[in-house]
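Data block below; observations after.
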Amino acid sequence: MTTTIDGKAAAAALTAQVTQAAAAFRGEAARAPGLAVVIVGEDPASKVYVGAKGRTARDCGFHSIEHALPKDAAESDVLALVERLNRDDAIDGILVQLPLPAHIDAKRVTQAVAPEKDVDGFSFINVGKLGAGDIDDALVPCTPAGSMLLIESVRGRDLSGLHAVVVGRSNIVGKPMAQLLLQANATVTIAHSRTADLAAVCRSADILVAAVGRPEMIKGDWIKPGATVIDVGINRIPAPERGEGKTRLIGDVEFGAAATRAGAITPVPGGVGPMTIAMLMANTVAAARRRRKLPAHVWRLAS
Ligand code: GUN
């Protein structure tokens with residue numbers, strides 16, 4: 001029997017834990033955890049994501065602020081805002097939504113965020129801590145951290161003896177995902193567009209994480225029977241069957257065929273996506289507690 005992993009329910013459970021932890025933090029620190037989200041320009045998908053992040057932060061009882069800058073904002077204006085947020089004691093987490101307009105150097109901006117407020121986990125300090133296995137002291141990128149909680153809920157925390165294959169080598173998902181799996185004792189392969197016989201590599205995966213951004217690229221018959229399949233892809237494709245000009249979201253995995261072989265699989269939508277925002281909230285509480293030198297909270301989903 002295949003389990004379809006309910007990312008919405010998992011995200012709701014994590015958000016409930018975060019809401020409790022935020023209330024406890026308010027008691028300990030006499031202020032709410034603070035999250036600042038910065039958006040530059042009018043990218044429609046980014047606006048939707050940023051709106052959802054702000055809403056969820058308020059629902060969790062955070063001090064939540066959003067800065068929307070025009071698409072022609074100068075890089076120096078974005079950097080000045082980040083510097084101001086770095087110095088603002090009421091702000092524990094800073095997220096600059098990507099992509100940024102082409103005239104702004106995204107690396108310069110993401111690296112300007114103070115590492116202790118870097119709830120995206122993009123600063124080289126946090127990347128280095130994760131790579132060195134210093135996970136308890138790192139802020140870990142939200143999508144892989146959320147995916148890892150889903151994997152733990154199916155497979156437990158110790159992945160000794162299991163082969164995990166991550167398809168995709170991005171800094172935001174593929175590489176940090178591989179580090180987390182390695183930290184949990186999995187044997188890890190990172191595959192990508194230049195990998196020879198990708199099908200064979202995928203067929204050897206007990207845990208398969210697809211993060212390539214290509215609709216249904218991972219075929220159903222590439223799935224090892226019983227494997228745990230985590231589909232990070234969110235691809236918008238035309239859906240003329242729903243009416244003219246309509247679209248729908250699909251993942252990187254051919255879900256229907258893969259679900260006949262997998263032990264557990266995340267759907268798209270409703271899988272990893274909701275966990276990403278919930279994990280951002282968890283990272284914000286983690287950052288707030290660390291800045292106040294309070295003991296860390298451990299996030300877990302029921303298995
Ligand atoms: N745009 C798409 N995904 C992300 C993310 O995880 N963080 C930020 N800052 N921007 C994104």
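Atoms within each ligand, like the ligands themselves, are counted from 1 in listed order.
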For ligand 1, which of its N or O atoms have a protein N or O partner closer than 3.5 Å, and how long is each gap?
| residue | atom | partner | partner atom | Å |
| --- | --- | --- | --- | --- |
| ligand 1 | 1 (N) | Q97 | NE2 | 3.2 |
| ligand 1 | 1 (N) | L98 | O | 2.9 |
| ligand 1 | 7 (N) | D120 | OD1 | 3.0 |
| ligand 1 | 7 (N) | D120 | OD2 | 3.4 |
| ligand 1 | 9 (N) | V96 | O | 2.8 |
| ligand 1 | 9 (N) | D120 | OD2 | 2.6 |
| ligand 1 | 10 (N) | L98 | N | 3.0 |

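Heavy atoms only, all atoms of each residue included: R31 and R292 are closest at NE-NH2, 3.5 Å. The two atoms that bring A278 and V18 nearest to each other are O-CG2, 4.3 Å, heavy atoms only.
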Review item, side-chain donor-acceptor pairs of residues 265-274, under 3.5 Å, at least two apart:
| residue | atom | partner | partner atom | Å |
| --- | --- | --- | --- | --- |
| T266 | OG1 | D231 | N | 2.8 |

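Under the side chain to side chain donor-acceptor pair (under 3.5 Å) criterion, D137 pairs with K129, not counting sequence neighbours.
Sorted by first and then second residue, the ring-ring contact (aromatic ring centres under 6.0 Å, His included) pairs involving residues 259-300 (not counting sequence neighbours) are H297-W299.
A donor-acceptor distance shorter than 3.5 angstrom exists from the side chain of D252 to the backbone of R214, with no hydrogens or angles considered.
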